[in-house]
Asker: 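Have a look at this one.
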Amino acid sequence: MCGRFIFFEIDKIPDRFDAIVEKTFNFSPNYNISPGQDVPVILKEEKFNKVELMKWGLIPFWVKNLKEFKPFINVRKESFLSKPHFYRYLKNRRCLIPSNGFYEWKKEEKTKTPYLITLKDMEIFSFAGIFDIFKDEENEIMSFAIITTEPNDKIKKIHDRMPVILDKEREKIWLDYEYKDYDNLINFLTPFPDDLLDIFEVSNLVNNPENNYKELILPYKKDKNSLF
DNA sequence: CCAGACGTTGTT
DNA sequence: GTCTGG
DNA sequence: CCAGACGTTGTT
DNA sequence: GTCTGG
């Protein structure tokens, strides 16, 4: 699963995603993004891409009462095949979520240990996502979910799901709302290659969603990759 | 036709 | 145990 | 995802 | 809103 991530290289959005960022855009480096928060999301526009702040936790447009609905923070790749309701999102509500890494907790008998998963040098990348727009009298909420898939061999040691990470080529196609080879889009939703990912244990200070500072992304142990 | 679901993860 | 809030 | 709350009445 | 199940 993916229930917590980081994103701090906000200045890199325009170059990395060929995107225009509004002057009023308001998001600070975040080392502990949790569900419910407003997060920058990339969408395609006519000429360039754009950035929108969206709430993490997808609220479908058809929800009757907001209070009782539990937003979904993840969507399984398999759902696009088995649940017709979700195929709609694959067809015309695709987006990218910029990130520098994500956390997973390894559960054992009585303990849970947080790990941070990044690209080499914590380089910026993106998750494949879907979004929706919910409207009622008081609200207009844009929200998104991160797609999950089977884990690769490294992540398998901690958890049985991982978020979908797209390479640059796939990012372009994923954003292109005129692209209609949906079978091929589903083929994008595969585990990211092991050798491109770095995994290491971090302090359990990250457990508390209210903690948000650089130290959270430091390796907890000297031997950074003992497990991997 | 209408009613009811529409999600994931982890745990039992 | 289960829901809410971050 | 995890942490923390989980209640009412009346008064300020 | 739209699909599935009865």
Side-chain angles (χ1 to χ4, degrees), chain A residues 1-7 26-40 53-95 97 99-118 127-136 139-141 143-151 155-165 182 186 189 191 199 201-213 216-217 220:
Chain A
M1 184 178 187
C2 177
R4 217 71 85 74
F5 68 99
I6 65 175
F7 181 46
N26 179 26
F27 183 82
S28 307
N30 197 321
Y31 304 91
N32 201 355
I33 300 171
S34 54
Q37 293 190 11
D38 288 322
V39 183
L53 277 189
M54 295 193 197
K55 198 188 247 307
W56 185 12
L58 192 146
I59 303 165
F61 69 96
W62 45 258
V63 164
K64 293 262 163 42
N65 66 24
L66 202 49
K67 290 218 157 166
E68 282 175 27
F69 188 83
K70 193 184 170 192
F72 25 98
I73 63 175
N74 296 133
V75 173
R76 316 185 94 229
K77 159 205 174 182
E78 296 86 337
S79 296
F80 293 115
L81 296 168
S82 62
K83 306 184 194 229
H85 290 107
F86 277 75
Y87 203 73
R88 189 186 77 87
Y89 287 108
L90 181 75
K91 284 171 102 167
N92 52 28
R93 286 282 186 273
R94 302 189 298 269
C95 63
I97 300 93
S99 172
N100 292 102
F102 60 98
Y103 298 107
E104 294 284 4
W105 279 260
K106 181 184 170 117
K107 296 207 165 143
E108 280 159 314
E109 292 281 312
K110 283 174 182 162
T111 62
K112 53 185 169 188
T113 313
Y115 289 82
L116 179 59
I117 298 98
T118 67
F127 298 118
I130 56 172
F131 70 98
D132 207 343
I133 305 169
F134 170 90
K135 285 181 192 170
D136 67 10
N139 313 281
E140 171 163 339
I141 306 172
S143 58
F144 72 94
I146 294 173
I147 300 168
T148 63
T149 188
E150 323 82 79
I155 291 181
K156 215 175 273 174
K157 295 181 182 174
I158 336 178
H159 204 64
D160 62 352
R161 300 293 292 178
M162 72 177 284
V164 172
I165 297 171
Y182 307 123
I186 287 175
L189 309 178
I199 307 184
E201 188 178 336
V202 291
S203 158
N204 60 14
L205 283 168
V206 76
N207 291 11
N208 191 328
E210 297 193 343
N211 293 339
N212 178 15
Y213 34 78
L216 294 180
I217 66 173
Y220 185 61

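Below, all heavy atoms of this structure are taken into account, side chains as well, without hydrogens, waters or symmetry copies. Residue numbers begin at 1 in each chain, while the letters A, B, ... track the order of the sequences.
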Asker: Below 30° counts as parallel, above 60° as perpendicular, anything between as tilted: where do the rings of A/Phe127 and A/Phe5 land?
Answerer: perpendicular

Asker: OP1 or OP2 of D/dC2 versus the side-chain N and O atoms of A/Asn208: is any pair under 4.0 Å?
Answerer: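 Negative; the distance criterion is not met.
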
Asker: Counting N and O atoms only, with roles assigned by atom type, does the side chain of A/Asn30 sit under 3.5 Å from a partner on the main chain of A/Phe7, one being a donor and the other an acceptor?
Answerer: no

Asker: Choosing from C/dG6, D/dC2, D/dG4, which nucleotide comes nearest the side chain of A/Trp105?
Answerer: D/dC2

Asker: What's the CZ-C1' distance between A/Arg4 and C/dG5, to the nearest Å?
Answerer: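 Roughly 11 Å, once rounded to whole Å.
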
Asker: Sticking with atom C1', work out how far B/dT8 lies from D/dC2, rounded to a whole angstrom.
Answerer: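 Roughly 16 Å separates the two C1' atoms.
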
Asker: Using a heavy-atom cut-off of under 4.0 Å over every strand shown, decide if A/Asn32 touches base, sugar-phosphate, or nothing.
Answerer: nothing

Asker: Partners of A/Lys77 by salt bridge (charged side-chain N to carboxylate O under 4.0 Å, His left out), sequence neighbours excluded?
Answerer: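 Result, salt bridge (charged side-chain N to carboxylate O under 4.0 Å, His left out) vs A/Lys77: A/Glu150.
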
Asker: Just the rounded figure in Å: distance from P of D/dC1 to CD1 of A/Ile73.
Answerer: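 Nearest whole value for this atom pair: 6 Å.
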
Asker: With a 4.0 Å cut-off on heavy atoms, is A/Arg88 in touch with a base, just the backbone sugar-phosphate, or nothing at all?
Answerer: nothing

Asker: Is a side-chain N or O of A/Asn211 found less than 3.5 angstrom from the main chain of A/Leu205, in a donor-acceptor match?
Answerer: yes

Asker: How is A/Tyr103 classified with respect to the nucleic acid when contacts are heavy atoms under 4.0 Å: base, sugar-phosphate, or nothing?
Answerer: nothing

Asker: Would you indicate, yes or no, if D/dC2 has its OP1 or OP2 atom less than 4.0 angstrom from a side-chain nitrogen or oxygen of A/Lys107?
Answerer: yes

Asker: Using a heavy-atom cut-off of 4.0 Å across all strands, would you classify A/Glu210 as base, sugar-phosphate, or nothing?
Answerer: sugar-phosphate

Asker: Expressed as a whole number of angstroms, how long is the span from A/Phe27:CZ to C/dG6:C1'?
Answerer: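 Value for this atom pair: 13 Å.
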
Asker: Please give me every residue in residues 75-85 of chain A whose heavy atoms get under 4.0 Å of an atom in DNA chain C, ordered by residue number.
Answerer: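 Contacts with DNA chain C under 4.0 Å: none.
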
Asker: Fill in the dot-bracket string of DNA chain B, one character per base: . for unpaired, | for a pair to another strand, ( ) or [ ] for pairs within the strand, taking Watson-Crick or G-U pairs under 3.5 Å.
Answerer: ||||||......

Asker: So what does A/Lys112 hit on the nucleic acid, given a heavy-atom distance under 4.0 Å: a base, only sugar-phosphate, or nothing?
Answerer: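 Since only primed, P, OP1 and OP2 atoms lie under 4.0 Å of A/Lys112, the category is sugar-phosphate.
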
Asker: Mind checking if A/Trp62 touches a base, just sugar-phosphate, or nothing, with heavy atoms under 4.0 Å?
Answerer: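 Touches a base.
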
